[in-house]
Number of protein chains: 2
Amino acid sequence: MKVTMKDIAREAGVSVATVSHVINDTKNITEVKKKKVLEIIDKYNYVPNSTAKNLRRKSTKTAALVVSSSTDSFVNEMIFGVEKKAREMGYSLLLVNTNEDAVYEEKTIKILHSKMVDGIILSPTSNDLDYLNKFTKSMPIVLVNRYNEVVKNAPRVTGDNYTIGFDATEHLIEHGHNNIGLIYSVPNVSTTEERIRGYKEALEKYNLTYKNNYLEIGYGTVDGGGKAAEELLKRHKEITALFILNDFMTVGVISKLRELSITIPDDIALIGFGDSPASAIIDPPVTNMILPPQEIGEKAFKLLLKKINKENDIENFELPASMVVRKSCGCQ
Amino acid sequence: MKVTMKDIAREAGVSVATVSHVINDTKNITEVKKKKVLEIIDKYNYVPNSTAKNLRRKSTKTAALVVSSSTDSFVNEMIFGVEKKAREMGYSLLLVNTNEDAVYEEKTIKILHSKMVDGIILSPTSNDLDYLNKFTKSMPIVLVNRYNEVVKNAPRVTGDNYTIGFDATEHLIEHGHNNIGLIYSVPNVSTTEERIRGYKEALEKYNLTYKNNYLEIGYGTVDGGGKAAEELLKRHKEITALFILNDFMTVGVISKLRELSITIPDDIALIGFGDSPASAIIDPPVTNMILPPQEIGEKAFKLLLKKINKENDIENFELPASMVVRKSCGCQ
DNA sequence: AGTTATAAGTTAAACGATTAACCAATAGGA
DNA sequence: TCCTATTGGTTAATCGTTTAACTTATAACT
């Protein structure tokens, strides 16, 4: 049988209110009684039932993090950024993975909405986020990494994906490439679209024409990346550079190019995304566009906390991108 | 104001009990009333408050996963194994990271014990787990990855770490190496100790003497790995092979060896642990000992569920290890 | 017709805390 | 001495569900 506050009260010869007050330090209690109560608490290793507390207090000190993709290292690091900040702030974190399933996402948010989490950090699956507006009124929500203009009342923290697309493309152009393929993980999400927008505008700047079929989907997986590269190079022999939007796919692409005896960067130059530590010792070392995932996660939680505490100025953050130059792009 | 069951009942002209019964399908209700109730529920987008439900039902349909280290890819994949199974089974998952802090771990378990979760999956920080026995009686707990014989009443699912140590060492010996260094992440945890035991026994089998100072700590980080390798090779010029227990450290080691112009595998052969996709395209491709992290996570959740449902046969699982041979060990 | 079973709802007591409102006893001030 | 504050503590309502026990009304059987 689990021991409750009532048991503690009985054994200490006081009321439950008194026990509650010594635990929460919410009223003066004489030293002698306080000591007695604490003794009994210690004796039974008693911890207040948080479900009951939550019900009464209408707060759970728990936040949810809903991510859409799973194991890639960028998301992984972002998760731990959120978790870290949550922990520091005395919050627990509920982790849900929607696997890019928009229907499941909506169901999840709805359930979470009643699960009495105090707030939700969401990295949404699709660009069709109107359903969210039903929830943002009554529940603190912040969008992370991906976003959509349609969502009201939810701040967001993202990376500067436009610059990622622009700088990577420009860099490849400066290396003399006029036909640059792009391999993305998932369509219809802001991260992909912003990067493509950057890619497009960089091409424009140099008077190169943007071609729709230079883009190929790679599903964020090693295999998907490899297949996308193969497909792209078969269809367009003129392509001499690849911009790859996720590090699993980069691994797949590199493996595939080796298999096809295509050398990097001489035959095909290459820029990836996300700085997994291995990038530096891959052959050749790969040039990456990077964003600070952990920082993004932490910032998102901070913003959520502000919303929870009703500091109601909606502010969005866009964290700066940068490039770490190695050999796969043709440098050195 | 959040709408409650009372509001639904009032508007539908029935009692709260009836509403509850239609929601949970726990009593016959006439079609007409049922329809009315469901209509109102839909109109307000009502979802029952789960905190209240939890309090009454004494179950939260939530499990906690407490991991000790954070971002390495093995743990990451294990996390998603647990999350996946939990999701499939209708459970939510609370994720806590103790950062190898034993004191924080104990505090966490104690708080979690307060009925916020139905069960706990723990990958513990240290080998000193006696404190756990206070909790295993009253809370379903399963150990994952790491374990300790002292813990009673908690099943475990681990990998066959002994074989990992043995096979890696034997393989290096067969390549002609007599002086093999070992770089581990953390001391005093079963994973490390079992692998060292395997390492030791492989040496014995070939009549090689085990030397304590061939072991070096690398803290599971890229930098730590690099420093450990440097230290080890400076101290013991005779070392010609390295067995590295975590993939971040492997990256650090390889970078450091390049820096020192030491070639792999000719000067130093090398076997790592954990199969991050990049392993295949690193220069040279690295030979790894592997374990199925996702499977370990899923199995752990299944076991937890059994415990939660009081199917009280404690069974432990040890998942088999294997080796994926590439060039860093000297093969090919 | 009389008895019993069943079906469809309702009432009200939990679940285990928190906390506003209340009360008695002591202290302080004039 | 009388009045008012303050201190230390208790009582009881409340959070939003679930569910056992109860109540009718209707159906079924002899």
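Numbered from 1 within each chain, the chains take letters A, B, ... in sequence-line order. Please read these numbers as outputs of a predicted model, since none were measured by experiment.
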| Nearest-Å distance, NZ (B/Lys2) to P (D/dC15)? | 15 Å
| What is the distance from CG of A/Asn54 to P of C/dT19, rounded to the nearest Å? | 12 Å
Pull out every protein N or O sitting under 3.5 Å from an N or O of nucleotides 19-28 of chain D, one pair per line with the distance.
unit_1 : atom_1 : unit_2  : atom_2 : d
D/dA21 : N6     : B/Lys27 : NZ     : 3.3

| message | Before you tell me yes or no, could you show the steps for B/Asn99 and A/Phe80 under side-chain contact (heavy atoms from CB on, under 4.5 Å), namely the whole-Å CA-CA distance, both residues' side-chain angles and the distance that decides it to 0.1 Å? | response | CA-CA 11 Å; B/Asn99 276 315; A/Phe80 279 98; over 6 Å; no
| said: What is the separation between atom NZ on A/Lys6 and atom P on C/dA17, rounded to the nearest whole Å? | reply: 10 Å
| Selection residues 94-121 of chain B - residue pairs positive for ring pair (Phe, Tyr, Trp, His ring centres under 6.0 Å), sequence neighbours left out | B/His113-B/Phe135
| Counterpart residues, side-chain hydrogen bond (donor to acceptor under 3.5 Å, both in side chains), relative to B/Lys61 (two or more places apart) | none
| said: OP1 or OP2 of D/dG16 versus the side-chain N and O atoms of B/Tyr46: is any pair under 4.0 Å? | reply: no
| field | side-chain hydrogen bond (donor to acceptor under 3.5 Å, both in side chains) against A/Asn153, all qualifying residues, sequence neighbours excluded | value | A/Lys307
| Which residues satisfy the side-chain hydrogen bond (donor to acceptor under 3.5 Å, both in side chains) test with B/Asn161, sequence neighbours excluded? | B/Arg195
| remark: Rounded to whole Å, CG of A/Leu55 lies from C1' of C/dT19 at a distance of 14 Å
| query | Is the phosphate of C/dA7, meaning OP1 or OP2, less than 4.0 Å from a side-chain N or O of B/Asn28? | reply | no
| query | How would you label the contact of B/Ser15 with the nucleic acid (heavy atoms, under 4.0 Å): base, sugar-phosphate, or nothing? | reply | base
| For the side chain of A/Ser92 and the backbone of A/Thr62, is there at least one donor-acceptor N/O pair under 3.5 Å apart? | no
| query | Sub-3.5 Å donor-acceptor pair from the side chain of B/Ser123 to the main-chain atoms of B/Ser68, do we have one? | reply | no
| field | Of all pairs that satisfy ring pair (Phe, Tyr, Trp, His ring centres under 6.0 Å), the ones with a partner from residues 291-311 of chain B, not counting sequence neighbours | value | B/Tyr91-B/Phe301
| task | Can you tell me which residue pairs pass the side chain to side chain donor-acceptor pair (under 3.5 Å) test with a partner in residues 29-43 of chain A, sequence neighbours excluded? | result | A/Glu11-A/Lys43
| field | Interface residues of residues 33-44 of chain A with DNA chain D (non-hydrogen, below 4.0 angstrom) | value | A/Lys33
| said: Over the length of the helix from C/dA1-D/dT30 to C/dA30-D/dT1, how much do the five-pair end axes diverge, rounded to 10 degrees? | reply: 50°
| field | Contacts of B/Arg10 that satisfy salt bridge (charged side-chain N to carboxylate O under 4.0 Å, His left out) - sequence neighbours left out | value | B/Asp7
| remark: Taken in chain and number order and not counting sequence neighbours, the residues that satisfy side-chain hydrogen bond (donor to acceptor under 3.5 Å, both in side chains) with B/Glu149 are none
| task | Give a yes/no answer on whether the side chain of B/Lys58 brings an N or O atom under 4.0 Å of OP1 or OP2 in C/dG16. | result | yes
| task | Round to a whole Å and report the spacing from CD of B/Glu31 to C1' of C/dG9. | result | 16 Å
| field | Protein-nucleotide distance (B/Met5, atom CE; D/dG16, atom P), rounded to Å | value | 12 Å
| request: Figure out the CG/C1' separation between B/Asp25 and C/dA8, and round it to whole Å. | output: 14 Å
| field | Listed partners of B/Lys107 passing salt bridge (charged side-chain N to carboxylate O under 4.0 Å, His left out), at least two apart | value | none
| Within this structure, what is the CD1-to-P distance between B/Ile23 and D/dT18, rounded to whole angstrom? | 7 Å
| message | Please classify the nucleic acid contact of A/Thr30 as base, sugar-phosphate, or nothing, using heavy-atom distances under 4.0 Å. | response | sugar-phosphate
